[in-house]
Trainee: 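Below you'll find the structure I mean.
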Amino acid sequence: MNKKVFALILIDFSLFIALIAAAAGRNSEYIKAEETSSCTVRNNNEEVKKVALTFDDGPHVVYTKELLDGLKEREVKATFFVLGQNAEANPDIIKKMHEEGHLIGNHTYSHVQLTRLTSAEQCDEISRTNDLIYDITGEYPQYIRPPFGEWDDKAECKIVMIPVLWSVDTLDWTTENSSSVVKKGTKNIKDGDIILMHDFYKSSVKAALSIVDILKAEGFEFVTVDELITD
Ligand code: NI
């Protein structure tokens, strides 16, 4: 907010916005401010609680698309740690994910426990997946979620990847009961939490969209993991 805004904020706020919009000719920015004028100032303090939804093991040919549509409807960005083998089979879904503003991370090519592999095998699992994602999106992933949460840094190929674990495990893969997953994904959630889910099950997609609706109503903002890690 510039000086003018501060100087004039005591005057009728919406009138001010309309005048500035007309004068500056930058309608879209100010119209947006006008529409949300009641909370524009409040949003400037850093009190918004942030949470990241993360999905492993996909993309799935049916469920990931359903999830992407549901997230788009809700204007929510998520992080997808994809398997190389599934990305290879569903490049159109990876493309859609990327175009719709989600963050794409690496979950290895074939869902292996990296710490059980030689460094050459680790490199192969990681770089093969990175290359596949690059070929589809034009961007190399920077983040990796190691399967089973097992990570060491011995990969000889010197690929610098940032490992991302989680703080809330919904255990969505263990049940078809969406409501128990929703409970785990909404109970005692706090600012900065990273929620682990899988876009590989119908029940997970249903639960994830409910989690979004509930946490949004509680004032949470959904961000991609890079925003939580660099903060
Ligand atoms: Ni996994």
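Quantities reported herein were computed from a predicted structural model and do not represent experimental measurements. Start at 1 with the first residue, then count along the sequence.
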Trainee: Tell me, please, which residues at least two apart from E88 pass side chain to side chain contact (heavy atoms under 4.5 Å, CB included).
Mentor: Y109, L132
Trainee: Say whether, by atom type as modelled, one donor and one acceptor occur between the side chain of N106 and the main chain of I126 under 3.5 angstrom.
Mentor: yes
Trainee: Is the closest side-chain heavy-atom distance between F148 and H111 below 4.5 Å?
Mentor: yes
Trainee: Starting from the C-alpha separation in whole Å, work towards a yes-or-no answer on salt bridge (Lys or Arg N to Asp or Glu O under 4.0 Å) for D169 and K184.
Mentor: CA-CA 7 Å; D169 189 351; K184 289 194 179 75; over 6 Å; no
Trainee: Look up atom CD in E218 and atom CG in D213, then write down how far apart they are to the nearest 0.5 Å.
Mentor: 11.5 Å
Trainee: Is the side chain of D199 donor-acceptor paired with the backbone N or O of D57 at a distance under 3.5 Å, no angle test?
Mentor: no
Trainee: Quick one: do E176 and K202 satisfy salt bridge (Lys or Arg N to Asp or Glu O under 4.0 Å)? Show the steps, please.
Mentor: CA-CA 8 Å; E176 288 180 13; K202 191 169 184 59; over 6 Å; no
Trainee: First locate atom CD1 of I214, then atom OG1 of T186, and finally report the distance between them rounded to the nearest 0.5 Å.
Mentor: 5.0 Å
Trainee: Quick check: are there more than 12 heavy atoms from other residues, nucleotides or ligands sitting under 6.0 Å from NZ of K77?
Mentor: yes
Trainee: Only one of F81, F200, F80, W166 passes ring pair (Phe, Tyr, Trp, His ring centres under 6.0 Å) with F55; say which it is.
Mentor: F80
Trainee: Whether K49 engages the ring of F220 as a cation-pi pair (distance to the six-membered ring centre under 6.0 angstrom, angle to the ring normal within 45°) should be assessed.
Mentor: yes
Trainee: Heavy atoms only: give me the nearest I136-P91 pair and the separation to one decimal.
Mentor: CG2-O, 3.5 Å
Trainee: Between T224 and D226, does any side-chain donor sit less than 3.5 Å from a side-chain acceptor?
Mentor: yes
Trainee: What are the two closest heavy atoms between L53 and A208, and how far apart are they?
Mentor: CD1-O, 4.3 Å
Trainee: Considering residues at least two apart in sequence or located in another chain, which fulfil the side chain to side chain contact (heavy atoms under 4.5 Å, CB included) criterion with E100?
Mentor: L68, K72, K96, H102
Trainee: How far apart are the closest heavy atoms of S178 and S203, and which atoms are they?
Mentor: OG-O, 3.0 Å
Trainee: Can you name the closest pair of heavy atoms from P147 and H107 and give their distance?
Mentor: CG-O, 3.5 Å
Trainee: Among R128, E125, Q85, which one satisfies side-chain hydrogen bond (donor to acceptor under 3.5 Å, both in side chains) with S110?
Mentor: E125
Trainee: What heavy-atom pair brings G58 and N86 nearest, and what distance separates the two atoms?
Mentor: O-CB, 3.5 Å
Trainee: Would you say T174's side chain and L171's backbone share a donor-acceptor pair under 3.5 angstrom?
Mentor: yes
Trainee: Identify which one of N90, D92, V205 satisfies the side-chain contact (heavy atoms from CB on, under 4.5 Å) criterion when paired with K65.
Mentor: D92
Trainee: Out of I229, T54, I104, T79, which one pairs with Y143 under the side-chain contact (heavy atoms from CB on, under 4.5 Å) rule?
Mentor: I229
Trainee: Parallel, tilted or perpendicular: which fits the ring planes of H198 and W173, with parallel below 30° and perpendicular above 60°?
Mentor: perpendicular
Trainee: Looking at every non-hydrogen atom in both residues, tell me the closest pair between I93 and P59 and how far apart they are.
Mentor: CG2-CB, 3.8 Å
Trainee: Carefully, step by step, assess D152 and L114 under the rule side-chain contact (heavy atoms from CB on, under 4.5 Å).
Mentor: CA-CA 8 Å; D152 64 34; L114 288 165; 5.9 Å; no
Trainee: Between H60 and Y201, is the ring centroid distance below 6.0 Å?
Mentor: no
Trainee: Is the backbone of V61 close enough, under 3.5 Å, to the side chain of T64 for a donor and an acceptor to pair up by distance?
Mentor: no
Trainee: Output the distance between atom CD1 (I195) and atom OG1 (T170), rounded to the nearest 0.5 Å.
Mentor: 8.0 Å
Trainee: Applying side chain to side chain contact (heavy atoms under 4.5 Å, CB included), can you list everything that pairs with D193, at least two apart in sequence or on another chain?
Mentor: V51, S167, V168, I189, K190
Trainee: Going by atom types alone, do T137 and E139 pair a side-chain donor with an acceptor below 3.5 Å?
Mentor: no
Trainee: So, are R145 and D56 salt-bridged, with charged N and O less than 4.0 Å apart?
Mentor: yes
